[in-house]
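Chain letters run A, B, ... following the sequence lines, proteins first and then strands; every chain starts at 1. We use all heavy atoms of the structure for the numbers below, so side chains are in, but hydrogens, waters and symmetry mates are not.
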Number of protein chains: 2
Amino acid sequence: MDNQERHILRTRANVLKALAHPARLWMVGQLERGERCVCELVEGLDIDFSTVSKHLLVLKNAGIVEDDKRGKQVFYSLRIPCVMNFMHCVDAVLENAKLET
Amino acid sequence: MDNQERHILRTRANVLKALAHPARLWMVGQLERGERCVCELVEGLDIDFSTVSKHLLVLKNAGIVEDDKRGKQVFYSLRIPCVMNFMHCVDAVLENAKLET
DNA sequence: TGGTCAATTGGCATAATAACCAAACGACAG
DNA sequence: CTGTCGTTTGGTTATTATGCCAATTGACCA
């Protein structure tokens, strides 16, 4: 395993890590249907405004979402619409896990 | 967001979290090419035997791999061959992130 | 200029992860 | 039975993640 492979693995893991949280997964699901301001996301989740803001920062740093400040609000949207596509594969993992246990 | 949705989000996040580590991502990549015993994986990664074993436990608990004890060795294999399919989508995230920065 | 609303930042407490070493365990060989 | 090999478990420590509260920033309105 050379340095380049190591680097690729690290960056891939970062993207996955950014998605690996229920609240962030939910947000991404919402954003799939269109942009949302932070306050809309706070309403849906039942957690602190600041916590939502930090989750969004994680997604932004991973390159998954982008933000757009318009007036007093900040709107977030998906940079990669396909991002949730593979969730079906994740669900396949879960299905399979259930069957064999 | 009802309890069922909450539950789905949590289990999905668990699968993603299990994959969200460079060493585990590498192992899954290896297992895509066929089963491997723990010692083979230890050789490829440069980390402790016990650490590898624990990583494999994480993958197993997430339903991603299964183990098969044969003689003195334990062989791990993928339960979901498609598991790495979506890595192309992850890479798309990375590509896009690079372009716009 | 003040006030207010939307959002981010800093700080802190708590929990979860990751890695190592040492010890234990199960299968097999002698 | 004893020793050894491959693996897992337990324990410890360092690092990172999460979530709340309080304080700050920025845009807009009166």
Within less than 4.0 Å of OP1 or OP2 of [N], is there a side-chain N or O belonging to [X]?
X	N	result
His21(A)	dG19(D)	yes
His55(A)	dG19(D)	yes
Ser53(B)	dT7(D)	no
Tyr76(B)	dG6(D)	no

Taking the side chain from [X] and the backbone from [Y], do they hold a donor-acceptor pair closer than 3.5 Å?
X	Y	result
Glu43(B)	Glu40(B)	no
Thr11(B)	His7(B)	yes
Arg24(B)	Leu59(B)	no

Tell me the interatomic distance from [X], atom [atom1], to [N], atom [atom2], rounded to whole angstroms.
X	N	atom1	atom2	value
Leu16(B)	dA17(D)	CG	P	16 Å
Gln73(A)	dT4(C)	CD	P	19 Å
Asn61(A)	dA17(D)	CG	P	11 Å
Leu56(B)	dT17(C)	CG	C1'	16 Å
Leu9(A)	dA18(C)	CG	P	15 Å
Asp48(B)	dT13(D)	CG	P	17 Å
Glu40(B)	dG6(D)	CD	P	12 Å
Lys54(B)	dT8(D)	NZ	P	11 Å

Which part of the nucleic acid, if any, lies within reach of Lys17(A) when heavy atoms closer than 4.0 Å are counted: base, sugar-phosphate only, or nothing? sugar-phosphate
Should Phe75(B) and Leu41(B) be regarded as members of a common hydrophobic cluster, given that ILVMFWY residues are connected when their side-chain heavy atoms come within less than 4.5 Å of each other, either directly or indirectly? no
Are Phe49(B) and Leu31(B) connected into the same hydrophobic cluster when the rule is that any two of I, L, V, M, F, W, Y join if their side-chain heavy atoms are below 4.5 Å apart?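 Yes.
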Identify which nucleotide among [options] has an atom closest to any side-chain atom of [X], counting heavy atoms from C-beta outward.
X	options	value
Ser50(A)	dG6(D), dA19(C), dG10(C)	dG10(C)
Val74(B)	dA7(C), dT9(C), dT7(D)	dT7(D)
Phe49(B)	dC20(C), dA6(C), dT7(D)	dT7(D)

In terms of heavy-atom contacts, does CZ of Arg33(A) have more than 12 from other residues, nucleotides or ligands at under 6.0 Å? no
Anything under 3.5 Å between a protein N or O and an N or O of nucleotides 23-30 of chain C, put it in a table, one pair a line.
none

Quick one: are Leu56(A) and Asp67(A) in side-chain contact, heavy atoms under 4.5 Å?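 Heavy-atom side-chain distance check fails, nothing below 4.5 Å.
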